[in-house]
S.K.: 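One structure, pasted below without further comment.
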Amino acid sequence: MQRPQHAPPATPPTIKMSEGWHCLHLYLRVNQKEWQQLADYQRAEGLEQLTQLLDPNREGAPKRIQTSVVSRHEADLGLMVLDPDPLVINGIRQGIRASRFGSVLVPTYSFVSITEISEYVPSIEQYAERLKREGTDPSDPAFQAKITAYEQRLPMMNQQRMYPDFPPFPISCFYPMNKIRHPNANWYQLPFSERADLMAEHATSGIKFAGRVSQLITASTGFDDWEWGVTLWGRAPEHIKEIVYTMRFDSASARYAEFGPFYLSYIMSPADALKELRL
Ligand code: 76R
C-alpha cells in the first residue's frame with residue numbers, strides 16, 4: 001500500500017533521542033525539622049541510601065552524575081544528571097523522594113534539557129569560508145594548517161557536546177537563559193548569517209577562557225521555561241565571574257540574552273556533600 005505523503009517516519013515511538021542525552025539539574029534544600037525528627041538509625045539509613053544512589057560508579061548509575069554543595073540559600077545540594085534514558089534520570093529524583101531522606105531533601109529548583117550541537121557550530125566548509133572572509137589567503141600555509149587543526153578538533157568537540165565528560169574543576173555555575181523576542185531586538189527575526197556572525201564573535205570571546213572555564217550549553221526549548229541551560233565549570237571561582245561579565249559584552253548577549261537565577265556550587269563526592277550538609 002502506498003504511504004500517504006505526510007506520514008511520519010516508521011520508527012517506533014520512543015522516549016529516547018536518536019542522538020545525545022537528557023539532562024537534569026536538580027537543586028534540593030534540607031528541611032531541618034524533618035531531619036530532626038529522624039532517629040539516629042534512620043539518619044544512618046538515609047545517608048547510606050543517598051550515598052549509594054548518587055554514586056556515579058554503582059551499577060545502573062546514570063551515564064553522568066555530579067554532586068555539589070550550593071551557595072545560595074534556595075538550595076543546599078545540587079545534582080547534575082545526564083543519561084540517554086530520561087527515566088534513569090528520573091530514578092534519581094524518585095529515589096531521593098522514596099528514601100529515608102524523602103521529606104528531608106526537598107527539591108526547590110530543577111531544569112530539564114537535552115544535549116545538542118548548536119546550529120552555529122561551523123562545518124569545515126563554513127570555517128574555511130570564515131577564514132577567507134577574515135582575510136586569510138587560502139594559498140597561505142597557515143590557512144591549511146588551521147583547517148586541518150579544526151578537522152581534527154571538531155569530532156572531539158561534538159562528542160563532548162553530545163556526550164559530555166565533567167571537567168576536573170571544583171566550581172560549577174548553572175543558569176538558564178533565553179534569546180529575547182523584543183520588538184526592537186528580536187533574535188528570531190535576524191537572518192541566519194547575522195546570527196552566525198554574532199555567535200562567531202561569541203565563540204572568539206569564549207575561547208579566551210580555555211583551561212580556566214569549561215562550558216556545556218544544553219537545549220531546553222519545549223522542555224523547560226527557558227531556552228538553554230548554561231553550565232560552567234571553573235578552575236577557580238574568579239574565572240566564573242570574569243567569563244560571565246566579559247561575555248555580557250558580546251553583542252549576542254548584550255543585545256539579545258536574558259538570564260535566570262544563578263546557582264553557584266562546589267563539587268564534592270556524594271559522601272562529602274552529605275557531610276557538608278550536616279546530615
Ligand atoms: O562550542 C563551541 O566552542 C563553538 C562555538 C560556540 C557556540 C556555537 C560557543 C562557544 N558557544 C556556542 C553556542 Mn557559548 N556560551 C553561552 C554562555 O553568559 C552568557 O553571555 C551566555 C551564556 C556562555 C558563558 C558561553 C560560553 N553559547 C552557545 C549557545 C547556543 C546558541 C544556539 O544554538 O542558538 C548559547 C545559548 C551559548 C551561551 N561559549 C563558547 C562559551 C565559551 C566559553 C565558548 C568557547 C568554547 C571554546 O573553548 O571553544
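Side chains included, hydrogens not; waters and symmetry mates left out as well; all remaining heavy atoms used. This is a predicted model, so every value here is computed, not measured. Both counts, for ligands and for their atoms, begin at 1 and track the order of listing.
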S.K.: Is there a side-chain contact between Pro176 and Tyr109 in this structure, where contact means two heavy atoms from C-beta onward sitting under 4.5 Å apart?
M.R.: yes

S.K.: Output yes when a side-chain donor or acceptor of Thr67 lies under 3.5 Å from a complementary backbone atom of Leu79, and no otherwise.
M.R.: no

S.K.: Holding to ring-ring contact (aromatic ring centres under 6.0 Å, His included), I want the full list of residues that pass it with Tyr41, two or more places apart in sequence or in another chain.
M.R.: none

S.K.: Between Lys241 and Glu238, is the salt bridge (charged side-chain N to carboxylate O under 4.0 Å, His left out) condition met? List the steps.
M.R.: CA-CA 5 Å; Lys241 203 275 305 187; Glu238 61 269 29; over 6 Å; no

S.K.: Would you find a donor on one side and an acceptor on the other, under 3.5 Å apart, between the side chain of Thr148 and the backbone of Gln144?
M.R.: yes

S.K.: Between the protein and ligand 1, are there any N or O atom pairs that come within less than 3.5 Å of each other, and if so, what are their names and distances?
M.R.:
from: ligand 1; atom 1: 1 (O); to: Arg161; atom 2: NE; distance (Å): 3.1
from: ligand 1; atom 1: 1 (O); to: Arg161; atom 2: NH2; distance (Å): 2.6
from: ligand 1; atom 1: 3 (O); to: Arg161; atom 2: NH2; distance (Å): 3.4
from: ligand 1; atom 1: 11 (N); to: His202; atom 2: NE2; distance (Å): 3.1
from: ligand 1; atom 1: 15 (N); to: His202; atom 2: NE2; distance (Å): 2.9
from: ligand 1; atom 1: 18 (O); to: Tyr175; atom 2: OH; distance (Å): 2.6
from: ligand 1; atom 1: 20 (O); to: Ser253; atom 2: OG; distance (Å): 2.6
from: ligand 1; atom 1: 27 (N); to: His202; atom 2: NE2; distance (Å): 3.1
from: ligand 1; atom 1: 33 (O); to: Ser118; atom 2: OG; distance (Å): 2.8
from: ligand 1; atom 1: 39 (N); to: His202; atom 2: NE2; distance (Å): 2.9
from: ligand 1; atom 1: 39 (N); to: Gln215; atom 2: NE2; distance (Å): 3.2

S.K.: Taking side chain as C-beta onward, heavy atoms only, is His239 less than 4.5 Å from Phe169?
M.R.: no

